[in-house]
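Chain A is the first sequence line, chain B the second, and so forth, proteins listed ahead of strands; every chain is numbered from 1.
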There are 2 protein chains.
Amino acid sequence: MKLSTRTRYGVRAILELAENAGKGPMQLKAIANRQDISAKYLEQLMAVLKSAGLVRSVRGAKGGYVLARPSNEIRLSEVFHCLEGTVTTAECAEDEEYCQRAAGCAARLVWTQMHEAIEEVLAASTLQDLIDKARAHGAVSYHI
Amino acid sequence: MKLSTRTRYGVRAILELAENAGKGPMQLKAIANRQDISAKYLEQLMAVLKSAGLVRSVRGAKGGYVLARPSNEIRLSEVFHCLEGTVTTAECAEDEEYCQRAAGCAARLVWTQMHEAIEEVLAASTLQDLIDKARAHGAVSYHI
DNA sequence: TAATATTCCTACTATTTTGGTAGTATATTA
DNA sequence: TAATATACTACCAAAATAGTAGGAATATTA
């Protein structure tokens, strides 16, 4: 159930970009440093986000990465789908044809219910939504 | 995101027991055959379910496994919790102290939202609930 | 009591996934 | 052209996962 670092790092990286949007390209090293992630490993994850069309890269000096779209137009579900190949709990959850016994299968109900609950959460939030909520939380904690 | 076979097999096995409750102990081999799972591997999973107090075993000839409680008193969440050590998406989701930056962290919101959605689904169903729903589905499909 | 059926226990092993490293090529800026 | 970045490809180590093997313990049946 624990998410892979691949997914967790990827989400943290794209949220970092979202938080720093509008300030020009953000360099890989900067993201890696701020999030305390291996730069070389993150490089691969950024490639995934890039090929999914969620971020754009700028090569050469003063280059880096920027969001491909405004942060309020990128849903979490998109980010997850490209990082985790399958955001599903079992093959048969999405593909009813996968197993002949799918129709009356009690176990499959578990997989589909979980799958739907997760997809719902991921589809509900954009990157900007998360940042806004987190800022609200963070601000409160500073008052203490 | 895909559940491990450990969890999937374990859930299928205990649902098999639930479907055959009241007919005396069900043998490991019978569960393994019906669910098409390696008997030797399943043996280990049954040990986990047993030590969690969800099933009881009967040794010797005509022995096997039975549910420790009626199927409408066993929630899915219990089954998951013993099979998957942590039914959580990231350490910080359950344990706020795990990371200093947890307070204003946008990523953590993702992990906690997912975590809560999953727990909710698992807590909502008992084994019997699932069997009833699956039978309803299965019956419909026979009408075609 | 002997034979048989079954769970129990421990250790081992193969495979896959995960997480990370290294080095070179290519593009951009100054 | 020199310095700074990303792009690409290949490789590697550790951990987790999935499964095997073999025999000991225990209960039932004949």
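Rounded to whole Å, the distance from NZ on A:Lys2 to P on C:dG19 is 8 Å. Per the geometry, CG belonging to A:Leu45 stands 9 Å off P belonging to C:dG20, to the nearest Å. For the pair B:Met46 CE and D:dA18 P, the interatomic distance rounds to 18 Å; values are reported in whole Å. Atom pair B:Leu83:CG and D:dA18:P shows a separation of 12 Å (rounding to whole Å applied). One atom, CZ of A:Arg56, and another, P of C:dA27, lie 18 Å apart when rounded to the nearest Å. Rounding to whole angstrom units, OH of residue B:Tyr65 and P of C:dA5 are separated by 18 Å. The CG atom of B:Leu42 sits 12 Å away from the P atom of D:dT20 (whole-angstrom rounding). Atom CE of A:Met1 is separated from atom P of D:dT17 by 13 Å (rounded to the nearest Å).
For A:Ser4, the side-chain atoms get nearest to C:dT18 when compared with the rest of D:dA21, D:dT6, C:dT18.
Residues A:Leu76 and A:Val87 fall within the same hydrophobic cluster, defined by Ile, Leu, Val, Met, Phe, Trp and Tyr side chains chained together at heavy-atom separations under 4.5 Å.
By the side chain to side chain contact (heavy atoms under 4.5 Å, CB included) test, A:Arg59 pairs with no residue at all, sequence neighbours left out.
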Problem set entry | Chi angles and distances behind the side chain to side chain contact (heavy atoms under 4.5 Å, CB included) call for B:Leu15, B:Leu130 | CA-CA 9 Å; B:Leu15 280 168; B:Leu130 290 163; 4.3 Å; yes

Exercise. Can B:Val66 and B:Met26 be said to form a side chain to side chain contact (heavy atoms under 4.5 Å, CB included), step by step?
Worked result: CA-CA 6 Å; B:Val66 289; B:Met26 187 170 189; over 6 Å; no

Problem set entry | Trace of the side chain to side chain contact (heavy atoms under 4.5 Å, CB included) decision for B:Trp111 with A:Arg8 | CA-CA 9 Å; B:Trp111 322 146; A:Arg8 286 184 287 120; 3.7 Å; yes

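Across every non-hydrogen atom of B:Arg12 and B:Ile37, the tightest pair is NH2-CG1, 4.1 Å. Scanning all heavy atoms of the two residues, the minimum distance from B:Leu109 to A:Ala134 falls at CD1-N, 3.7 Å. Closest approach of A:Gln113 and B:Lys133 over heavy atoms only: NE2-NZ, 3.7 Å.
Contact between the side-chain N/O atoms of A:Tyr41 and the OP1/OP2 oxygens of D:dA13 is not found at any separation under 4.0 Å. The side chain of A:Thr5 places an N or O atom within less than 4.0 Å of a non-bridging phosphate oxygen (OP1 or OP2) of C:dG19. Considering only side-chain N and O atoms, A:Ser38 lies nowhere under 4.0 angstrom from the phosphate OP1 or OP2 of C:dG19.
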Quiz: residues 47-57 of chain B side-chain donor-acceptor pairs under 3.5 angstrom, not counting sequence neighbours:
residue : atom : partner : partner atom : Å
B:Lys50 : NZ   : B:Ser57 : OG           : 3.3
B:Ser51 : OG   : B:Ala47 : O            : 3.4
B:Ser51 : OG   : B:Val48 : O            : 3.1

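Residues from residues 7-23 of chain B placing a heavy atom under 4.0 Å of any atom in DNA chain C do not occur. Taken residue by residue, residues 47-54 of chain A places no heavy atom nearer than 4.0 Å to DNA chain C.
A distance-only check finds no donor-acceptor pair linking the side chain of A:Gln27 to the backbone of A:Gly64 [under 3.5 Å]. Judged purely by atom type and a 3.5 angstrom limit, A:Asp129 uses its side chain to pair as donor or acceptor with the backbone of A:Thr126.
For B:Lys40 against D:dG22, a side-chain N or O and a base N or O form a donor-acceptor pair under 3.5 Å.
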Look for any protein N or O under 3.5 Å of an N or O in nucleotides 2-5 of chain D and output each such pair with its distance, or none.
residue : atom : partner : partner atom : Å
D:dT4   : O2   : A:Ala61 : N            : 3.1
D:dA5   : OP1  : A:Gln27 : OE1          : 3.4
D:dA5   : OP1  : A:Gln27 : NE2          : 3.2
D:dA5   : O5'  : A:Gln27 : OE1          : 3.2
D:dA5   : O4'  : A:Gly60 : O            : 3.1

Identify all pairs in which a protein N or O lies below 3.5 Å from an N or O of nucleotides 9-11 of chain D, and state each distance.
none

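For B:His115 and B:Glu120, the side-chain atoms include no donor-acceptor pair closer than 3.5 Å.
Between A:Arg75 and A:Glu78 there is no salt bridge, since no side-chain nitrogen of the basic residue lies less than 4.0 Å from a carboxylate oxygen of the acidic one. For the pair A:Glu91 and B:Lys2, the salt-bridge criterion is met [side-chain N within less than 4.0 Å of a carboxylate O].
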